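Comments concern the structure below.
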Amino acid sequence: MRLRALLETEALGLRLLGGEDELDRTVRGVMTTDLRDPSRYLSGGELVLTGLAWRRDASDSEPFVRILAGAGVAGLAAGEAELGDIPADLVEACLQHRLPLFAVHETVAFATITEHVVRQVSGERAGDLAAVVDRHRRLMTSGPAGGGPEVVLDLLTSDLDLRAWVLSPTGRQIAGAGAPLPGALGAALAGRHLAATRTGRRGPHRAAVAGTTYSLFPIRNTGRGAVPAARDVRESVLSDWLLAVEADASDWPAARLDLLQGVTQLIAVERDRRDAARTVRRRLAQEVLELVQAGAAPAEIAARLRVAAPVLLPGLGAAPQWQVVVARVDWTATDTPGPGGVPGDIAGGPAAQALLEEILVDPAVSGPDSADRIAVAHTGEEAIALVPLPAVRAPLPDTVGGPTDTAAGTAETAAAPESGEPAAAQGPALHADALLAAVREPLSAGLADDGRLTLGVSAAVHSAEGLRGALEEARHARRVAAARPGRVCAAGHHELASHVLLLPFVPDDVRRAFTARLLDPLRDYDRRHRAELIETLEAFLDCDGSWTRCAARLHLHVNTLRYRVGRIEQLTGRDLSRLEDKLDFFLALRMS
């Protein structure tokens with residue numbers, strides 16, 4: 001379509017301020033932005049819509065227009081809602097660079113212009129595809145009754161024969177058409193998307209997994225009222241949703257690509273709704289956290305928890321128990337900007353908050369509202385989650401069987417409440433390693449070579465008095481995780497009462513010297529003779545020095561085992577009957 005056609009459409013409320021000789025330019029798409037430099041998102045031929053939030057003074061206009069002209073955009077439309085009349089310096093800059101400039105009346109929403117452009121451009125090359133987008137828009141904007149993103153994806157399948165899924169940055173399915181996407185496939189696609197995003201490449205990204213090609217579209221709201229785009233890709237890479245389409249979009253015509261971009265904008269509305277719904281839970285977590293850190297009286301904290309419990313666990317009969325989870329995302333500071341980045345430090349608190357909200361979602365539950373029982377606050381560079389555990393009634397003494405098993409093992413029995421009611425068993429408790437098991441691969445791709453995620457989990461507490469200790473426990477566990485190698489690390493409260501707490505803090509050079517002195521002679525001998533002395537040593541220590549149990553585990557005669565242990569002692573000069581030497585070997589194996 002031509003720019004002239006937009007000007008002639010009265011419903012769009014456009015007023016030409018300059019560039020009358022350029023109105024025959026072809027419009028191939030539309031983009032809304034308030035970035036000072038949106039060049040990386042432009043491919044040419046766009047009508048750019050802006051609310052002028054990028055303009056601080058008159059000197060900002062010419063650089064902004066120069067960037068747009070250099071990218072080959074068709075024209076610029078500036079909204080009058082923020083500043084009233086369009087600044088003269090912007091008009092002059094557009095005349096200088098021969099860029100057509102329109103004023104958008106304050107009563108006209110950018111979404112109206114966007115929908116019109118998408119409909120017209122798609123209609124010229126793809127027939128009824130624009131009608132599909134319009135149907136999607138009506139369904140998405142009709143509120144919860146419209147069906148949300150699931151209905152949008154169903155229409156993609158029925159009208160365009162495209163199977164598609166909305167995924168979180170960890171690969172969890174939020175919405176989908178037809179059969180659910182297997183968890184491992186979702187994680188793999190999310191990892192490919194995060195890795196491609198970190199390189200600065202524009203979507204859609206092509207990914208081939210298990211012989212099937214997928215196109216991965218980022219989901220970001222760039223319309224009016226949207227959160228400003230991140231100045232560095234690292235600020236949003238770990239929180240953005242993506243649309244995975246089972247098709248190769250590399251050979252699609254521009255009309256179909258524009259259509260899918262429009263669909264991602266519609267789904268972004270659902271994302272914004274989800275984020276808005278989390279505001280209450282985040283505020284509850286922040287209030288409780290501030291009380292705990294300020295040393296407030298337990299009665300005051302308990303009162304706040306009573307307010308939080310119905311919000312986080314609606315319909316709960318008994319008071320829940322609570323766990324605290326602390327997470328931190330750290331980025332290596334850069335001296336020069338990478339793709340889409342800027343120099344300097346990147347704030348990790350908001351990213352950690354969004355990640356923790358995602359990680360704590362039950363992986364067996366899909367949908368955008370499955371995180372409605374998670375309260376996460378962020379303070380400084382760390383995010384802190386207050387996780388309610390439903391109290392499960394403990395069986396009566398004459399009940400057949402024991403307490404219900406949980407994913408964490410056998411449920412622990414909590415102290416009886418002051419009311420004298422029967423004690424309650426702890427609900428399924430969170431374990432640090434289990435939280436990260438399914439998300440380590442995609443998150444590692446997003447963190448790349450300059451980011452780390454560390455996480456600590458407290459034990460469960462059943463009263464307000466225990467929350468302060470639980471918070472400190474989770475923070476200590478996170479510091480233990482931070483001392484370990486790897487991009488994604490976690491530690492739990494159970495690790496704070498053993499040697500595991502101390503080992504990560506041993507300097508690397510001391511660690512290497514200690515393990516080399518004890519284990520290198522055994523490794524060298526194993527390489528030459530295939531004697532399996534290291535395996536024998538591990539089994540012997542694991543069996544607490546029991547000759548019979550160790551021989552049975554290794555399927556050896558006891559005399560053969562004694563020969564191997566003797567060889568270990570001969571090569572190292574240690575005596576495995578002495579506790580001190582056993583402990584040294586044990587630590588060396590753990591640190592190796």
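Computed from a predicted model, the values in this text were never measured in an experiment. Positions are given from 1, in the same order as the sequence printed here.
The shortest distance between side-chain heavy atoms of Tyr41 and Thr33 does not fall below 4.5 Å.
For Arg487, there are no salt bridge (Lys or Arg N to Asp or Glu O under 4.0 Å) partners at least two apart in sequence or on another chain. Arg282 meets the salt bridge (Lys or Arg N to Asp or Glu O under 4.0 Å) test with Glu357; sequence neighbours excluded. For Glu441, there are no salt bridge (Lys or Arg N to Asp or Glu O under 4.0 Å) partners, not counting sequence neighbours. In this view, Trp252 satisfies the side-chain hydrogen bond (donor to acceptor under 3.5 Å, both in side chains) rule with no residue, not counting sequence neighbours. Residues meeting the salt bridge (Lys or Arg N to Asp or Glu O under 4.0 Å) test with Asp154, sequence neighbours left out: none.
Remark: the backbone N or O of Arg40 is paired with a side-chain donor or acceptor of Arg202 at under 3.5 angstrom. Side chain of Asp34 to backbone of Ala53: a donor-acceptor contact under 3.5 angstrom is found. Under the 3.5 Å distance criterion, the side-chain polar atoms of Arg198 are matched with a main-chain donor or acceptor of Leu447. Looking only at distances, no side-chain donor or acceptor of Arg452 sits under 3.5 Å from a matching main-chain atom of Asp330.
The aromatic rings of His205 and His193 sit tilted, their planes meeting at an angle between 30° and 60°.
A 6.0 Å sphere centred on CG of Asp24 holds more than 12 heavy atoms belonging to other residues, nucleotides or ligands. Counting non-hydrogen atoms of neighbouring residues, nucleotides and ligands closer than 6.0 angstrom, the CG atom of Asp161 reaches no more than 12 such neighbours.
Interatomic distance, Glu46 CD to Leu76 CG, rounded to the nearest 0.5 Å: 12.0 Å. To the nearest 0.5 Å, atom CG of residue Leu242 and atom OG of residue Ser168 are 8.0 Å apart. Between the CG atom in Leu289 and the NE2 atom in His378 there is a gap of 11.5 Å [rounded to 0.5 Å]. In this structure, CE in Met31 is found 9.5 Å from OG1 in Thr50, a value given to the nearest 0.5 Å. In this structure, CZ on Arg25 lies 13.5 Å from CG on Leu6, to the nearest 0.5 angstrom. The CG atom of Asp248 lies 5.5 Å from the OG1 atom of Thr213; values are rounded to the nearest 0.5 Å.
Of all the heavy atoms in Glu382 and Val326, the pair that sits closest is OE1-CG1, 3.4 Å. Contact detail for Leu355 and Leu443: the closest heavy-atom pair is CD2-CD2, 3.5 Å.
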List the atom pairs, with distances to 0.1 Å, where a side-chain N or O of residues 90-98 and a protein N or O form a donor-acceptor pair under 3.5 Å, not counting sequence neighbours.
unit_1: His97; atom_1: NE2; unit_2: Glu62; atom_2: OE2; d: 2.8
unit_1: Arg98; atom_1: NE; unit_2: Glu22; atom_2: OE2; d: 3.3
unit_1: Arg98; atom_1: NH2; unit_2: Glu22; atom_2: OE2; d: 2.6

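Under 3.5 Å, the side chains of Thr454 and Arg478 contain a donor-acceptor pair of N or O atoms. For the residue pair Arg2/Thr26, the side-chain donor-acceptor check at 3.5 Å is satisfied.
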Review point. Taking it one step at a time, do Leu455 and Leu356 satisfy side chain to side chain contact (heavy atoms under 4.5 Å, CB included)?
Key: CA-CA 9 Å; Leu455 182 144; Leu356 202 47; 3.8 Å; yes
